[in-house]
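Below is one structure, written out as structure tokens; comments come after it.
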Amino acid sequence: MKAVVCAPGKTIAIEDVTLRPLRPTEALVKVECCGVCHTDLHVAAGDFGDHTGRILGHEGVGRITKLGSDATSMGPQPAKIGDRVSIAWFYEGCGRCEYCTTGRETLCRYVLNAGFTVNGAMAQECIVVPSYAVPVPEGLDSATASSITCAGVTTYKAVKVSKIKPGEWIVIFGVGGLGNLALQWAKNVFNAKVIAVDANPAALDFAKELGAEVVINPIHEDVVKIIREHTGGNKPLENGTIPGGAWAAVVTATAKAAFNAAVDCVRAGGVVVAVGLPPDKMDLSIPRLVLDGIEVIGSLVGTRQDLRESFQFAAEGKVKCKTELRPLEDVKKIFKEMEEGKIRGRMVIDFSKS
């Protein structure tokens, strides 16, 4: 079969690969499509170690074509031939540790990740563990489902753990491939009021189209001041600070300034959720965190339950992903375009015709 693998020289190659035999608890999936993610770039470039020969891909969608002898009994709904399932970054947990048994399975210390520690879905076929391959609703097209499998569930989880409630203000820092989905979840699922912050005017225009009540360009505007004024603060206190503040902020941007502004823009008791991964450190005022009870938390992808919920909301039309199907032969071109920052939306490799 054809597959996209990490090749020597920190690059990728399309190679003919033979998968190992199925284990009793596994299933074989004929891949329909697989999205390309920035994480794939990092893995291929050796940023996380040498993974030469590894099949990339953790945004896969396909149908089960073969089941191991013990695979049918796994999961709440037994797997069967023909099921359409996902191949996500969270490929499998140990199922026994404190994280797996308390609803925090993505923090499992023995986790396996598709396209990183095990072969992924950027191939014509892929091996999965059925109880970890979340079913895809039939009403959801495969290209959209591939984006929900990674960017979608990551941002859904982030908004979910922000504890935002209907009618409350949430700030989304960065309205790119992740942030635009976070905005849609916040508006269309959690019924929050959204403030979008981005230095790209086109991204802010898109945020308005998606329903953001307020958009702010940090290059030209005082982000914290504007947010506090829009969220209840219209008169400075005696100590010069402005009351108000958002109930929550989700940071998908990769600039240190965005993380600092997020902490400054939430009200007492507010929650800041970190999603972006800048190679830097935040400047945190410990007295502010303590005296105002600010929570700063990291959010890593999503659990299987988060993915089930994300798929269902997407099938209901609550979020829309901008995707473009590309042939397998375009994969090197896609990686180059991504490196050069030319990608808008999600590039999805179409394996149905390869």
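The figures here come from the full heavy-atom set of this structure, side chains too, leaving out hydrogens, waters and symmetry mates.
Of all heavy-atom pairs between F335 and A44, the closest is CE2-CB, 4.3 Å. The minimum heavy-atom distance between L107 and Y99, with the atom names listed, is O-CD1, 3.5 Å. Considering every non-hydrogen atom in both I294 and A268, the closest pair reads CD1-CA, 4.2 Å. Closest of all the heavy-atom pairs between I64 and A79 is CD1-CB, 4.1 Å. Nearest heavy atoms, A7 versus A13: CB-CB, 4.0 Å. Smallest separation of non-hydrogen atoms from A145 and V136: CB-CG1, 3.7 Å.
Atom CD1 of I172 sits about 7.5 Å away from atom OG1 of T252, to the nearest 0.5 Å. To the nearest 0.5 Å, atoms CE (M347) and CG (D40) are separated by 13.5 Å. Between atom NZ of residue K10 and atom CG of residue D47 there is a gap of 7.0 Å, rounded to the nearest 0.5 Å. Here the SG-CD1 distance, from C33 to I349, works out to 9.5 Å after rounding to the nearest 0.5 Å. In this structure, the separation between OG1 on T39 and CH2 on W89 is 5.5 Å, given to the nearest 0.5 Å. To the nearest 0.5 angstrom, I55 atom CD1 is 7.5 Å from C126 atom SG.
Side-chain atoms of S86 come within 3.5 Å of backbone N or O of V134 as a donor-acceptor pair. Under the 3.5 Å distance criterion, the side-chain polar atoms of E26 are left unmatched by any main-chain donor or acceptor of L22. Judged by distance alone, the side chain of Y110 and the main-chain N or O of G93 form no donor-acceptor pair under 3.5 Å. Between the side chain of D350 and the backbone N or O of S352 there is at least one donor-acceptor pair closer than 3.5 Å. No side-chain donor-acceptor contact under 3.5 Å links N260 to the backbone of A257. Judged by distance alone, with hydrogens and angles left aside, the side-chain atoms of E105 form a donor-acceptor pair with the main-chain N or O of R304 at under 3.5 Å. Panel note: side chain E340, backbone E337; no donor-acceptor pair is recorded below 3.5 Å. N180 places no side-chain N or O within 3.5 Å of a backbone atom of V175 that could act as its donor or acceptor partner. Counting only distance, with no hydrogens or angles, the side chain of S146 and the backbone of A143 share a donor-acceptor pair below 3.5 Å. Proximity of a side-chain donor or acceptor of Q184 to a complementary backbone N or O of K320 within less than 3.5 Å is detected.
Using a 4.5 Å heavy-atom cutoff, the side chains of L19 and L28 are in contact. Residues Y91 and V111 form no side-chain contact, since every pair of their non-hydrogen atoms from C-beta on lies 4.5 Å or further apart. Annotation: side chain of Q124 is not in contact with side chain of V31 (no heavy-atom distance under 4.5 Å). When side chains are defined from C-beta on, I195 does not count as touching E213, because their heavy atoms never get closer than 4.5 Å. Here the side chains of C321 and I148 are in contact, with some heavy-atom distance below 4.5 Å. Within the 4.5 Å cutoff, side-chain heavy atoms of R267 are placed close to those of T231. Between I127 and V29, the closest side-chain pair of non-hydrogen atoms is not below 4.5 Å. Side-chain atoms of W247 and I170, non-hydrogen and from C-beta on, never get closer than 4.5 Å to each other.
Aromatic ring pairs are classed by plane angle as parallel below 30°, tilted from 30° to 60° and perpendicular above 60°; the pair W169 and H230 is tilted.
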Should K66 and E125 be marked as a salt bridge (Lys or Arg N to Asp or Glu O under 4.0 Å) after you check the CA-CA gap, both sets of side-chain angles, and the distance that decides it?
CA-CA 11 Å; K66 185 177 180 181; E125 292 184 311; over 6 Å; no
Passes salt bridge (Lys or Arg N to Asp or Glu O under 4.0 Å), E295 versus K163? Steps please.
CA-CA 11 Å; E295 293 183 53; K163 299 182 283 192; 2.9 Å; yes
One pair to check against side-chain contact (heavy atoms from CB on, under 4.5 Å): T65 and I81. What are the steps and the verdict?
CA-CA 5 Å; T65 57; I81 302 296; 5.6 Å; no
Applying side-chain contact (heavy atoms from CB on, under 4.5 Å) to V348 and C34, what does each step give before you reach the verdict?
CA-CA 5 Å; V348 181; C34 183; 6.0 Å; no
Stepwise side-chain contact (heavy atoms from CB on, under 4.5 Å) test for V263 and M282:
CA-CA 10 Å; V263 174; M282 295 173 65; 3.6 Å; yes
Going through the checks in order, is the side-chain contact (heavy atoms from CB on, under 4.5 Å) test met by V273 and V251?
CA-CA 6 Å; V273 183; V251 188; over 6 Å; no
Taking it one step at a time, do F116 and H51 satisfy ring pair (Phe, Tyr, Trp, His ring centres under 6.0 Å)?
CA-CA 7 Å; F116 181 46; H51 292 277; 4.6 Å; yes
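In this structure, a donor-acceptor pair under 3.5 Å is present between the side chains of T102 and R104. A side-chain N or O of R84 and one of S142 form a donor-acceptor pair less than 3.5 Å apart.
Atom CG of L291 sits in a crowded spot, with more than 12 heavy atoms from other residues, nucleotides or ligands closer than 6.0 Å. Shown here is R20, whose CZ atom has more than 12 heavy atoms of other residues, nucleotides or ligands within 6.0 Å.
Ionic pairing of K256 and D283 is present here: one or more N-O contacts between side-chain nitrogen and carboxylate oxygen are shorter than 4.0 angstrom. Between E339 and K336 there is no salt bridge, since no side-chain N of the basic residue sits under 4.0 Å from a carboxylate O of the acidic one. Looking at E59 and R346, a side-chain N of the basic residue comes within less than 4.0 Å of a carboxylate O on the acidic one, giving a salt bridge.
With sequence neighbours left out, the salt bridge (charged side-chain N to carboxylate O under 4.0 Å, His left out) criterion links E32 to R63.
Placement of L67 and V61 in two distinct hydrophobic clusters is found when ILVMFWY residues are connected by side-chain heavy-atom separations under 4.5 Å, directly or transitively. Two different hydrophobic clusters hold L289 and V224 under the rule that ILVMFWY side chains link at heavy-atom gaps under 4.5 Å. Each of L204 and V197 belongs to its own hydrophobic cluster when Ile, Leu, Val, Met, Phe, Trp and Tyr are linked at side-chain heavy-atom distances under 4.5 angstrom. One hydrophobic cluster, built from ILVMFWY side chains closer than 4.5 Å, cannot hold both M338 and L178; they sit in different ones. Hydrophobic clustering (side-chain heavy atoms under 4.5 Å, transitive across Ile, Leu, Val, Met, Phe, Trp, Tyr) keeps L277 apart from F90.
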Result block: side-chain N/O donor-acceptor pairs under 3.5 angstrom for residues 150-161, not counting sequence neighbours:
{"residue": "T154", "atom": "OG1", "partner": "C150", "partner atom": "O", "Å": "2.8"}
{"residue": "T155", "atom": "OG1", "partner": "A151", "partner atom": "O", "Å": "2.8"}
{"residue": "T155", "atom": "OG1", "partner": "G152", "partner atom": "O", "Å": "3.1"}
{"residue": "T155", "atom": "OG1", "partner": "W185", "partner atom": "NE1", "Å": "3.1"}
{"residue": "Y156", "atom": "OH", "partner": "E309", "partner atom": "OE1", "Å": "2.4"}
{"residue": "K157", "atom": "NZ", "partner": "L300", "partner atom": "O", "Å": "3.4"}
{"residue": "K160", "atom": "NZ", "partner": "D306", "partner atom": "OD1", "Å": "2.9"}
{"residue": "K160", "atom": "NZ", "partner": "E309", "partner atom": "OE1", "Å": "3.1"}

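Exactly one residue among I87, L112, V128 makes a side-chain contact (heavy atoms from CB on, under 4.5 Å) with V118. That residue is L112.
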